[in-house]
Amino acid sequence: MRSFAVQVPTNIRPFHVDIPDEKLADLRRRIAATRWPSAELVTDSSQGVQSKMLQKLARYWEKEHDWRKVEKKLNALPQFSTTIDGLEIHFIHVKSRHKDAMPLIITHGWPGSVIEMLDVIGPLTDPTAYGGGADEGFDLVVPSLPGFGFSGQPTELGWNPGRVARAWAELMQRLGYTRYVAQGGDIGANVTDELARLAPAGLAGIHLNFLSAFPFEVGAALFGGLLPAGLFKRLVIAALAAHAEKKEPVALDALAALFRRGYFVEMPEHPQTIGYALTDTPVGLAAWMLDHDEDSYEKISRAFLEGNVTGGLTPERVVDNITLHWLTNTAASSARLYWENFRAIFAALAAGKKPANLSVPVAFTVFPSEIFQAPRSWAEKVYPNLIYFNEAEKGGHFAAWEEPEIFARELRAAFSSLR
């Protein structure tokens, strides 16, 4: 096994995962004692996560899944913890063996964790082993978001994506990086966008695989009132008529549908309410996390029911991620990041405040099975200094997890002009 070694500043502590056996035994008991609802009345997933698939997952989770395997994989990597702004931040830090590697901080999303990034570590830090060049390596920093995994759970209000971005800037400074790039998807894209607007010294550019910042007219229609989907679509298309392209109406429909999905409504509204249920039942937590988007659900469902695995969305890795959320008791604290994010957005809109100007170079990749296909016109309007835009050949919302080599290839291409 490759040995990873990094110099550790004095205010950064090594971190080791060691979950007590009693917690794992309690998890298995709770899965076995699940009180199941009656089966859905349809043959598809239109009523939600399907009983047959979830029962298959539960049997695997109780009888076959081995947490110690992922624990061993995590502990084979350089993991650390440091206190920033009063909160413990856990992160993985892997340096490339290649000279002049570019420092890169990647932010995961929900319902993900650092686990969704494990398979991109090799392609990014050791590109020559994956078809890249020796001059395309990255020194990789992968933190756990506040309230997620092994990072601390905020005990005060205000840990929105902007505050997380400030913590990330401090983290990179502590690690001694004077020039670096950043990447994010899902709510990690919100953090990365905020980092670019903060424009800390040393940030050379960002890459996103999810458009979390919209043209002002789109954002105002989304957050400025409870508009019916049809009216929402007409208003925004009219507002963007001078900047339109064929993909905009399709993107608007998909974006409006996202804002009606269960987790995207409840977590920004009442994260504590769902936290009570998800903290008490592991199978309930699994169902909530799986009901994220149609594409990833279908892929995960096929993996459990048919053994038909798409990329890295294997039963083992899916359950690894759910187990991490369960063992760290972060169902409610991770959901609160959405509450904080929406409060920050509402406050800015109420004040008539437009997002800060952004001059940092931005790269963007559209994955074909993403929740919505962000049109280039939107990306160009939000990010005037768009240096790279590409549509990947395959992959969905969890791009790094599902297609790690394609994801890594996109980052190499996206940041090539900034080296």
Side-chain angles (χ1 to χ4, degrees), residues 1-6 69-70 72-79 91-109 112-143 177 179-186 188 192 204-210 296 299 303 309-314 316-318 320-321 363-370 387-419:
M1 179 179 293
R2 181 184 163 195
S3 174
F4 297 101
V6 294
K69 285 179 65 177
V70 70
K72 184 177 180 180
K73 187 168 186 175
L74 286 167
N75 287 333
L77 297 168
Q79 295 180 93
F91 63 98
I92 297 168
H93 183 200
V94 181
K95 287 196 171 186
S96 175
R97 64 185 178 88
H98 297 294
K99 185 181 178 182
D100 298 326
M102 175 177 276
L104 164 65
I105 183 168
I106 294 185
T107 309
H108 66 80
S113 66
V114 295
I115 284 175
E116 68 177 291
M117 301 300 171
L118 292 181
D119 288 342
V120 302
I121 292 174
L124 289 172
T125 61
D126 191 12
T128 56
Y130 296 87
D135 59 345
E136 294 181 308
F138 293 92
D139 282 354
L140 194 58
V141 179
V142 186
Y177 290 127
R179 189 174 186 274
Y180 63 93
V181 292
Q183 199 284 329
D186 192 78
T192 305
I206 67 169
H207 174 273
L208 305 169
N209 59 290
F210 188 81
S296 65
K299 289 169 179 172
V309 174
T310 303
L313 292 177
T314 65
E316 179 181 40
R317 191 55 56 81
V318 168
D320 286 345
N321 184 56
F364 195 90
T365 299
V366 178
F367 284 85
S369 299
E370 180 56 274
I387 61 169
Y388 178 89
F389 185 94
N390 189 46
E391 297 182 13
E393 62 266 37
K394 59 181 177 177
H397 185 72
F398 302 100
W401 191 357
E402 184 182 331
E403 300 293 344
E405 292 191 39
I406 295 175
F407 180 85
R409 200 160 64 236
E410 281 298 302
L411 265 61
R412 291 185 212 128
F415 292 129
S416 63
S417 66
L418 300 179
R419 289 187 180 271

Assign the ring pair Phe398 / Trp401 to parallel, tilted or perpendicular, where the plane angle (0 to 90°) is split at 30° and 60°. perpendicular

Closest approach of Ala392 to Ile406 (non-hydrogen atoms, all atoms of both residues): CB-CG2, 4.1 Å

What I'd like to find out is whether the side chain of Arg419 reaches to under 4.5 Å of the side chain of Asp135, using heavy atoms alone. no

Looking only at heavy atoms, what is the nearest atom pair of Asn321 and Gly112, with distance? OD1-C, 3.5 Å

Ala400 versus Val120, closest heavy-atom pair with distance: O-CG1, 3.4 Å

Would you please say whether a donor-acceptor pair under 3.5 Å links the side chains of Thr365 and Asn209? no

Working to the nearest 0.5 Å, report the span between CD of Gln183 and CG of Leu208. 7.0 Å

How far apart are the closest heavy atoms of Pro78 and Val94, and which atoms are they? CD-CG2, 3.8 Å

Between Ser96 (side chain only) and Thr125 (backbone N and O only), is there a donor and an acceptor less than 3.5 Å apart? yes

Worked verdict on Ile387 versus Leu418 for side chain to side chain contact (heavy atoms under 4.5 Å, CB included): CA-CA 10 Å; Ile387 61 169; Leu418 300 179; 4.0 Å; yes

Can you tell if the side chain of Leu74 reaches within under 4.5 Å of the side chain of Gln79, non-hydrogen atoms only? yes

Do Ile106 and Leu124 have side-chain heavy atoms sitting under 4.5 Å apart? yes

Nearest-0.5 Å distance, CD of residue Glu116 to CG of residue Leu313: 10.0 Å

Side-chain donor-acceptor contact under 3.5 Å, Asp186 with His397: yes

Looking only at heavy atoms, the pair that brings Phe367 and Lys394 closest together is CD2-O, 3.3 Å

Does Tyr177 reach the side chain of Asp139, with side-chain heavy atoms less than 4.5 Å apart? yes

Quick one: are Val142 and His108 in side-chain contact, heavy atoms under 4.5 Å? no

Using 0.5 Å steps for rounding, measure from the CG atom of Leu104 to the CZ atom of Phe415. 6.0 Å

So, do Glu136 and Thr128 sit near enough that their side-chain heavy atoms are less than 4.5 Å apart? no

Pair Asp119 + Arg317: basic N to acidic O under 4.0 Å: yes

Taking the six-membered ring of Tyr388 (Phe, Tyr or Trp), confirm whether the NZ or CZ of Arg412 is under 6.0 Å from its centre and within 45° of its axis. no

What heavy-atom pair brings Glu403 and Gly395 nearest, and what distance separates the two atoms? CG-CA, 3.9 Å

What I want to check is whether the side chains of Asn390 and Glu410 have a donor and an acceptor closer together than 3.5 Å. yes

Take Ser369 and Lys299 through the side chain to side chain contact (heavy atoms under 4.5 Å, CB included) test and state the conclusion after the steps. CA-CA 11 Å; Ser369 299; Lys299 289 169 179 172; 3.9 Å; yes

Given the rule in the side chain to side chain contact (heavy atoms under 4.5 Å, CB included) test, do Arg179 and Met102 qualify, once you have shown the distances and angles that lead to the verdict? CA-CA 8 Å; Arg179 189 174 186 274; Met102 175 177 276; 4.0 Å; yes

